Each structure stands twice: as structure tokens, then as C-alpha cells.
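Report on one structure; see the data block that follows.
None of these values were measured; they are calculated from a predicted model. In what follows, every chain begins at residue 1, and chains take the letters A, B, ... in the order their sequences are listed.
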There are 2 protein chains.
Amino acid sequence: MGSRSEVAQQSEKPQRAPTLANVAERAGVAISTASRALSNPGRVNAVTRGRIEKVAAELGYSPNWQARALTSGKVGAIAVLVSDVTNPFYFGIIRGTQRQLKASGYSQLLIDTEESDQNEDDLLHRLRSSFDGVILAASRLSDRALAKLADELPLVAVNRQTRGVPSVFIDTPSGVVQALEHLVSLGHRDIAYVSGPATSWSNESRWRALVKAASARGATMHRLGPFSPRLHAGAAAADAVLNTGATAAIAFNDLLAIGMLQHLAARGVRVPEQLSIVGCDDIFGADFCNPPLTTLTAPVEQAGRLAVTMLVAQLDGGSAPGQRQASVLPTYLTVRSSTGPAAEKEI
Amino acid sequence: MGSRSEVAQQSEKPQRAPTLANVAERAGVAISTASRALSNPGRVNAVTRGRIEKVAAELGYSPNWQARALTSGKVGAIAVLVSDVTNPFYFGIIRGTQRQLKASGYSQLLIDTEESDQNEDDLLHRLRSSFDGVILAASRLSDRALAKLADELPLVAVNRQTRGVPSVFIDTPSGVVQALEHLVSLGHRDIAYVSGPATSWSNESRWRALVKAASARGATMHRLGPFSPRLHAGAAAADAVLNTGATAAIAFNDLLAIGMLQHLAARGVRVPEQLSIVGCDDIFGADFCNPPLTTLTAPVEQAGRLAVTMLVAQLDGGSAPGQRQASVLPTYLTVRSSTGPAAEKEI
DNA sequence: AAACAGATGGCAAACGTTTGCCACTCTGCT
DNA sequence: AGCAGAGTGGCAAACGTTTGCCATCTGTTT
């Protein structure tokens, strides 16, 4: 058997973690009193409480979350669903949720849905009892399914606007218009939009915002894709852009944009002289790629934090349906070196 | 399709999740039978089982993990501790653990210790009941504390070699020697090592490997730091290197290396013409920074997966003490453009 | 002196599982 | 006939908490 330390030497106890019963016994009180001393301090005499606390500390007691969950219904954990742990965009979200959750005393259950709505729904129901609430970062669920889900459990969606679903929305659609203005002011008239996954809600809303804004500014948009929102998809995307004859491209996200940059460099197309590129999100790396990427800076970490704050409020405030709200976080354009004056059109 | 909706539509029940009792009642069997039908299929008649399974599906039953944990002692979750969620190095680990955990049917509890050993120990004890085992990615714990912990709970350490502690070790020390060879072959004789956090075990072992290898190859090592393993610390690190007069530098990690690249570019120092830079880890971005970074490619994701595999084996195999093992994963040098022939020494 | 209120502590019933043990019903065998 | 043994199903006791309710004790008010 594994040679534990002191205690095990003597008696061959299985070394179970100390329970409330142990504390109570050693302090000479009933379990209920011990429980109250630790979680409802006002309810018990100061001196008794002191004794109990002392014993608890000696024994290194810490409450069993499982058992507690059984009666209280609260498990003290929140699930964070991302559609792809691999995507740096989510790192920012995760960072934000992690920090805020910790500050609120919750644990973070990280779940990767692998871009599948089926998976998303399944996992959520299978693990229903393991968390108090959910943060859906870029859910692939349909509006209908999402609304239904929001009815069944406490939830905050990130980057999603659906009636009746509390959400934190990073306003890239209006940011993307800033990008358009920037390009138009540099003389670009033919602009490509390199779109992301077909199931992405953000993708759609960005495109709509672009078309609308473009016509008012005398620019023509070309929609390309869908492309996988990954680095390696940038190659195909870059080639597609080249074919349209557009002088600038706005990509669904920075991953695609950086991938394009790489491929363009390999093909000898100069950025921004021959083609301007704009990304979305300002992920890690956007500032040190070559050339540094002009992109929409999204307050991703803040979004994660805010989502947690809203969710926790929802949990504590007893899901008052009126409290449902949607926050909007602004984005702004960060101009770096991947955009420049439009190339002369060769006639 | 939505098999869950029907019931809820009708009555305004508090919408509690269906329990085994509900299933049993509706199937006309005892709770124990229902339990066995679902988790110990051989123990109950095929036709009864069929009926129970059908009812369970209808009701959308899924077992309560908390309750199950109470009797079985298994919660179905594994904690992954990282010292800083912000650090891209851990993204690889997290990605690996996430995938393998999912495949093994476990959930992932992600915990950020914020570089504090105090935090690490605390959190682990407070949450002890919420996970079955732990993966410590780059623990800041002392060898002694770590060994003690490994005795108390199932654990696998990543990038740490301590007697009696199962671990996955990414062999950067020998990789770093490859880097040294590379630099020496390019004519470098004065080489700086830009070290990371003082508490980092890897940092120490890399330095030792370097000194040892350097003397045999007639090169001189300069130790600088400690520096925070962050991008922004690269500026200070770069200046420090410049002061030593070294013609090449090996950085504790890519973050530092890329930070140095940025600062050097700003100062007008050409890489690799005037100074060669080598990083460690080959994180996201190392291939597209400017210039692309020569670095030690570490199989990070694989390390995460392997750690999970080992941990799960430990959990299932009932902590056979003999099974304790340490795996070593090799690294290799990926040469890109941040290294080149040594600059002529101006006399 | 009686009655009352507040403070304090204990009993026991939940919460939703798993599982050891017992009871019953069949077969098939001696 | 009697019975061993397998195949099924149920009872009830855990697991470690929380919490409603009751009992006791103390001091205060009438």
C-alpha cells in the first residue's frame, strides 16, 4: 500500500477527508451546529463558533461541494462553452471569465463543443447537474434552440443577440463599418469580405452591416467563403480575394487575416501596396505579425468578465425574468501597417 | 428532436430535472432497479431494462453527478492548473488536456494559480472534493510540497521532474543544447540566456544544461534576468542582452523572445544580422512574427494529452504505486529567420 | 410569580445516487 | 419431493451536507 504520512503509519485508515461529523465530534457539538457555525455564523454563540472554527482548521476541514450541492442546489461552478479551444479569440474570453469567476468564488468548467450544435446541446444536458450556469461563447445553436435553452437554465451568451437571451455583444458590425470608412478614405472601392463559418451569427451580422454601409459610400462588396476561421484557411482566402480584383479585404477574424498575410508574402504580393488587409478581434499576435495587422480591437477579456458578472447576478438575484438584459461592448479600429492607399487599378 | 419540451409546456412546475425516482416510478420498478438498468446493464432483465431505458430517454433523464459522487467518490472531473491563463504556452496544454479528457469522459476544471504556490496549495485543498485528479502544468510548488501533494491525491505534473511524482516532461534542456550547437556553428561565442521566473523549475534546468554544454564547445554563457515570461518584459531583456555584448540570445520562452524582437526592431537593431534570437516552445505566433522565430518546438498539446492519459490510468488502476512513471517528450529545434551568422565583433 | 421572548443547540428529514443483502421465482437435478 | 443455484427485483443504508422545527436555557417584563 502507499505509505502515507504520520497517521497512516499507525492505523490503516483510508485517509478520507475530514467531514463535518468529525469536526462536530471533536468539538463536542452536533453536526448541525458545526454546519451553522461555518456557514451561518450569526446563528451560533461566538465562543462555540470559535471552538468549532479552531477544530475545523486543525483538521484541515473543507466542505464537500458535492454533498452541499445536493441540498442547496448550487454547485459553485459555471460552464464556459467555446466552439474551439484552439482559437485564440477564445483565450481572451476564457481569461476574462476565469478572472471574474475566481473573484466571485466560482469554478470554471471549460467545455469545447468543437463547432457542433449537437454537441453543444448534448453536453449541456448531460452535465446539467455539474454547473449553476453557462456562458456560451459564440454558440452555434439556432436562435430557437438558444432561446429554449435560456429558458431552461441560467445562461449568458457572448456575441449573440437573440430575443429573451441575456447577452454580451461585442459590436463588431459597427466596428466593421469603421474599417470600411478607413478603406474607402484610402481610395478603395472594391472590397472583399472573407467570411467565416456559415453557422456563425457574427459572420452574418458583419456582412449585413458591410453591405448596407458600402452602398452609401459608393463601394462594392464581394462576399467570399465561407472559410474555416483558421490560420491555414488564409491561403485559399487570399487566392480568392486576388481573383475578385478587389484592392482590399476585410476578414472574418484575425486568424484568417494572418493566414492571408502569410500566403500573400509567399506569393510575393505586397501588403499593403498591392492589397490591404483588415482583420477582426485583435488577437494575440496581430500586433507582431508581418506586417502588423490593421484590425478591429475587441474588448474580449472584458466581455468574458461582463458575462460572468451578469450570470452571477442572475444566479443570486433568483432569475428575475425582468433582469434579462443585453450589454453591448464597442469595438474600435486599430490601424497598423496592413492597410494603405489603394493600388492603381491597371486598365 | 426536442424530446424534453412536452412536459414543461403544460404545468408551471419548478422544472426540476427528472430523477431516477421519476424514471423508476414511470417504469413501474424500484429505484435500485432503474439505477442498475442504466449503470450495470448485465444485472437486470433485458426487457425490463429496455422499458427503463425508454422511459429515461422520454423524460430526458441524466444522472446527477453530485449525488453519484457522494456514494461513488468519483466526480468525473479533473482539475487542470496553470500558473497563468494568459500565457499562450498553456493554451497548447489546455487544448491537449481538453481533447483527451473529453475522450475519456471527464470534465475539465480550469484553474489559474496566478503564479503563486500559496494559491496553488490552497485552491487544491479547497476544491478537493470537486475533482478526481489534478494536472499541474508548470507548478510553482517546491519539490517537497509537490511530493507531499502527490501522496495526497492523484496527480500528474507537466514539466517537472520530482522523485515520486508522475510527470510528463518536455525535454527542453536537451533541446536547448541543440539551439546552442546551432548558434555555435554559426560562429557565436558569446551567448546570453534570458531567464524566466526565479521559481520556475524549467528555467533552472535549462540554464544548467546550457552552461554544461557551452564549456565543452568553447562558448561563454551570460545569464540575465530573471524576467517575467511576458511579451512586455522583452524590452528590458533585449537591452540587457545588448549590454553584455553577446551576439546571440536564447530566451526562456517565445513570449520573451518575441518581445525582444519587437523592442530590437524599434531600436533599429537588425535581427539576425546584429543579434540572433532563439525562443522556447514554438507558441502560436512564433512562425509569423517578424522575423519568424527560431525556436525549440515543444510537443505541448501532446504533453497535455499524455498527462491526462497517465492520470486516468492512475485513477482507474487504483493508484498502484508501481505505476508511477515519468514520461519524457523530446523537443527539436525549428530554425527560422531570427538566427544567422555571428556579427563581426568590432574591436 | 408567571409568562414571555430571544438565543442557542440538537434531531431528523431531506437531496439523488449506489450497492450489500435478502426474497422470490424458476429451472433442472438428485 | 426436495433442493441447489441462477436470475431478478426490492429494501434500506449509506455518502456529507443543509435546514425546518422543536427543546432548552437565560434573562426580562408584567
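Under a cut-off of 6.0 angstrom, the local environment of NZ in K74(B) is crowded, with over 12 non-hydrogen atoms contributed by other residues, nucleotides or ligands. For E25(B), the CD atom is loosely surrounded, since the number of other residues' heavy atoms within 6.0 Å does not exceed 12.
Interface remark: the R43(B) side chain does form a donor-acceptor pair with the dG9(D) base, using a distance-only criterion of under 3.5 Å.
Checking side-chain atoms of T113(B) against main-chain N and O of V82(B) turns up a donor-acceptor pair under 3.5 Å. Looking at S167(A), its side chain never comes within 3.5 Å of a backbone N or O of V158(A) through a donor-acceptor pair. The main-chain N or O of Q118(B) is found under 3.5 Å from a side-chain atom of S116(B) such that the two form a donor-acceptor pair.
One finds the CZ atom of R68(B) at 6.5 Å from the OG atom of S39(B) (value rounded to the nearest 0.5 Å). The CZ atom of R160(B) sits 9.0 Å away from the CG atom of L136(B) when rounded to the nearest 0.5 Å.
Residue R51(B) is the one, among N64(A) and R51(B), whose nearest nucleotide of DNA chain D lies closer to the 5' end (criterion: closest heavy atom).
Going from atom CD1 of I52(A) over to atom C1' of dG10(C) covers 12 Å, rounded to whole Å. To the nearest angstrom, C1' of dC15(D) lies 9 Å from CG of L70(A). Rounded to a whole Å, the CD atom of E25(A) is 16 Å from the C1' atom of dG10(C). Taking atom CZ of residue R68(B) and atom C1' of nucleotide dT19(C), one finds them 13 Å apart after rounding to whole Å. Remark: P of dT18(D) and CH2 of W65(A) are 10 Å apart, rounded to the nearest angstrom. Taking atom CG of residue L59(A) and atom C1' of nucleotide dG16(D), one finds them 15 Å apart after rounding to whole Å.
For L20(B), the side-chain atoms get nearest to dT18(C) when compared with the rest of dT18(D), dT18(C), dC15(D).
Contacts of T48(B) with the nucleic acid, taken as non-hydrogen atoms under 4.0 Å apart, involve only primed sugar atoms and P, OP1 or OP2.
Within residues 29-41 of chain A, the residues having any heavy atom closer than 4.0 Å to DNA chain C are, in order of number, V29(A), A30(A), S32(A), T33(A), R36(A).
Base pairing in DNA chain C yields stems of at least 3 consecutive Watson-Crick or G-U pairs, both distances under 3.5 Å, namely C:1-30 with D:1-30.
In summary, the side chains of S62(A) and R126(B) do not present any donor paired with an acceptor at a separation below 3.5 Å, with no hydrogens or angles considered.
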Candidate pair R128(A) and E152(A), rule salt bridge (Lys or Arg N to Asp or Glu O under 4.0 Å), full reasoning:
CA-CA 10 Å; R128(A) 180 61 189 93; E152(A) 295 175 13; over 6 Å; no
